[in-house]
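Accompanying notes for the structure given below.
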Amino acid sequence: MSPTLTKRGAELPQVFVSYARADKRRVAKLVSALRNEGFQPWWDDDIPAGASWEQAIEKALAEAQAVIVCWSPVAVASENVRSEARVARARGRLVQVFLEACEPPLFFGESQGIDLAGWNGSPRDPGMGRVKQALHAAIASQPVDQPITSPARIRRRLRVRPQLIGATLASFFAIAVAGWWWVHATFAEAPSRVAVQPIKALRADGSIAESLTDQIMTSLNDGHIPTISRSASEGLADGDVDQKLKSLGVGYTLNGTIERAGKTLHARVHLDDRVRNEGLWSYEATGSTDDPTTLNSAVSRSIAGVLSCAYRALRPGGLTDTELLSRYLRVCDLFVNHNDASDLKSTFELFDDLRMIIAKAPNFVPAQSDFAKFGAYLAPLLPPDQASAIRAEAARAASRALELNPHAADAYVAKEMLLPPTAWARREALLRKAVSVDPNWPHSNGFLAMLLTETGRIREAAVYGQRAAAADLQIDWKPFGAKMACDAGQTDGAIADLREHLSNSPSDDSSKWALQWCLVDAGRYKEAQLLETRASRGIS
């Protein structure tokens with residue numbers, strides 16, 4: 001067959017089949033069934049030797065009258081599949097099927113999908129009937145009336161968490177705003193250590209407040225945020241506090257309370273600039289008195305996420321204007337804690353905050369690269385008349401960041417995201433460049449690992465996945481790195497590490513997911529099933 005949809009077959013409905021190569025055997029049954037049902041399916045197996053892979057896929061996708069996206073945990077992790085799905089959704093030609101139980105990426109769960117997890121290839125199967133109906137509706141640009149299984153009801157084994165593996169890029173772009181400290185030192189020096197002062201208990205068990213204090217300090221240390229010791233923080237209660245802070249090199253303090261109101265715990269934490277005596281940022285969260293551990297874990301992770309993100313502005317060589325510092329912290333908070341990408345109003349507020357920072361601090365590289373990454377990611381989610389302008393602005397910001405600092409790895413990552421989704425060779429070159437200029441930066445390592453996974457290079461992908469996990473910034477890449485190591489056959493060490501992590505953070509769903517995946521990779525199915533059963537009962 002020709003690598004494109006030819007005029008000779010134009011009388012047949014043309015269907016592009018998007019899938020992850022690990023699912024090829026199952027997808028082959030679907031392709032065969034579609035041909036038998038009078039459709040003209042196209043998948044990458046139809047590309048002849050010597051043809052341009054990228055050009056063939058781009059042309060086939062453009063000519064397709066409908067696009068079937070075959071979701072599975074591996075497909076959810078594939079940027080290529082997600083990109084093809086976004087193109088199909090934008091054209092109103094998207095049909096979603098689920099080869100395996102999984103969470104679809106962000107913004108794809110709203111549309112219904114068809115469960116083919118148990119399909120045996122029979123054309124008489126009800127699922128195949130729904131596929132045909134959905135395809136005809138997509139081709140005719142009409143809504144599908146027949147009930148279709150909702151992805152929310154397909155959450156069975158090996159559930160993929162959107163915030164974990166780039167299946168939902170929104171959470172990886174929380175990583176995008178954090179970074180290694182390569183900012184040009186064009187701003188005034190200032191102390192940058194953070195003092196976590198003891199959280200106060202208001203009508204609550206003092207041990208809960210002490211635990212929250214400890215967890216915040218641990219999370220900040222894991223995120224490479226310079227702090228002072230617990231004993232030094234406790235000593236700040238007496239004497240000349242400002243003088244003690246200065247002698248310790250502290251520029252910022254975290255203070256807070258945890259209060260009990262009936263069966264509810266309410267945690268409040270705020271970050272203050274002790275040099276300029278101004279408040280910068282505050283955070284609040286509530287939880288049940290029956291489960292204070294979960295609340296404390298969530299609060300500590302959120303705080304570490306925002307500070308890891310914003311530390312490039314807080315450190316020496318960062319920003320000195322408290323208004324700009326507050327704005328930058330707000331940008332981080334929007335993306336780390338509020339899932340900004342699901343709310344267009346917040347999206348535009350985020351862009352406006354970054355524009356203001358760029359205007360007032362034009363040499364602050366992180367703001368330039370952040371705008372580039374957010375723009376590249378969020379543009380496809382914006383109204384068409386606004387998406388083009390945002391992409392152009394993101395491209396300019398990436399170029400400006402590299403002018404200021406050729407080692408700005410994030411800017412290369414942004415340029416990679418602005419390429420067509422099927423430009424695999426060029427995307428890989430940019431991600432490898434990002435890794436070469438800053439080998440320790442987790443974002444470029446993580447996305448290179450995913451691209452390598454998409455193209456079947458699992459062992460090499462595991463190496464870069466582990467590098468991403470080692471950095472351990474505000475989004476924990478360790479579950480992702482462990483999953484990749486297990487896929488490459490390195491299960492024993494990964495399982496031990498995940499179990500140890502869960503013993504300290506029993507509510508970490510991402511690590512539970514990765515552990516279950518690794519147990520299945522290791523053939524330890526009963527343990528994996530037991531883990532799922534315990535999780536469904538709320539048992540750690």
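Salt-bridge check for E428 with R457: passed, with a basic side-chain N closer than 4.0 Å to an acidic carboxylate O. Looking at E403 and R400, a side-chain N of the basic residue comes within less than 4.0 Å of a carboxylate O on the acidic one, giving a salt bridge. Between R432 and E460 there is a salt bridge, since a side-chain N of the basic residue sits under 4.0 Å from a carboxylate O of the acidic one. With respect to the salt-bridge test (charged N to carboxylate O, under 4.0 angstrom), the residues R355 and E393 qualify. With respect to R499 and E527, a salt bridge is recorded, a charged nitrogen being found less than 4.0 Å from a carboxylate O. A salt bridge links R330 with E349: the closest approach of a Lys/Arg side-chain nitrogen to an acidic carboxylate oxygen falls below 4.0 angstrom.
A514 and L498 make their closest contact through C-CD1, 3.7 Å (heavy atoms, listed as atom of the first residue, atom of the second, distance). Of all the heavy atoms in S369 and A401, the pair that sits closest is N-CB, 4.1 Å. Counting all heavy atoms, side chain and backbone alike, W71 lies closest to V81 at CZ3-CG1, 3.7 Å. Closest approach of C102 and V76 over heavy atoms only: SG-CG2, 3.9 Å. Between N363 and L404 the shortest heavy-atom distance is OD1-CD2, 3.4 Å.
Between T253 and L271 the shortest side-chain heavy-atom distance does not fall below 4.5 Å. Counting heavy atoms from C-beta outward, K360 and E323 have side chains that approach closer than 4.5 Å. In this structure, R427 and F447 have side chains that are not in contact, with every pair of non-hydrogen atoms separated by 4.5 Å or more. Using a 4.5 Å heavy-atom cutoff, the side chains of D291 and L295 are not in contact. At a threshold of 4.5 Å between non-hydrogen side-chain atoms, the residues C486 and Q490 do not count as touching.
Applying the side chain to side chain donor-acceptor pair (under 3.5 Å) criterion to Y412, with sequence neighbours excluded, gives no partner residue. Every residue meeting the side chain to side chain donor-acceptor pair (under 3.5 Å) condition with D521, not counting sequence neighbours, appears here in chain and number order: W517. Among residues two or more places apart in sequence or in another chain, the side chain to side chain donor-acceptor pair (under 3.5 Å) test is passed with T422 by E58.
Side-chain contact check for E84 and S18: at least one donor-acceptor pair (N or O, by modelled atom type) lies under 3.5 Å. Looking at T322 and E278, their side chains do bring a donor and an acceptor atom within 3.5 Å of each other. A donor and an acceptor atom, one from each side chain of R193 and Y252, are nowhere located under 3.5 Å apart. Side-chain atoms of N445 and H443 include no donor-acceptor pair closer than 3.5 Å. Checking T227 against N221 by side-chain atom types alone, a donor-acceptor pair falls below 3.5 Å.
Here F351 and F374 keep their ring centres 6.0 angstrom or further from each other.
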Should D214 and S211 be marked as a side-chain hydrogen bond (donor to acceptor under 3.5 Å, both in side chains) after you check the CA-CA gap, both sets of side-chain angles, and the distance that decides it? CA-CA 5 Å; D214 288 338; S211 174; over 6 Å; no
Dump the intermediate steps for side-chain contact (heavy atoms from CB on, under 4.5 Å) on K415 and L402, then the final yes or no. CA-CA 11 Å; K415 283 181 171 289; L402 290 173; 3.6 Å; yes
Under the criterion side-chain contact (heavy atoms from CB on, under 4.5 Å), I'd like the reasoning laid out for V331 against D370: C-alpha separation, chi angles, the key distance, then a yes or no. CA-CA 10 Å; V331 167; D370 288 348; 5.6 Å; no
Between Y19 and K24, is a side-chain contact (heavy atoms from CB on, under 4.5 Å) present by the stated rule, with each step listed? CA-CA 8 Å; Y19 71 104; K24 183 176 179 179; 4.1 Å; yes
Step by step, would you call S308 with I225 a side-chain contact (heavy atoms from CB on, under 4.5 Å)? CA-CA 7 Å; S308 291; I225 304 300; 4.0 Å; yes
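Of the candidates F364, W281, Y311, F364 is the only one forming a ring-ring contact (aromatic ring centres under 6.0 Å, His included) with Y328.
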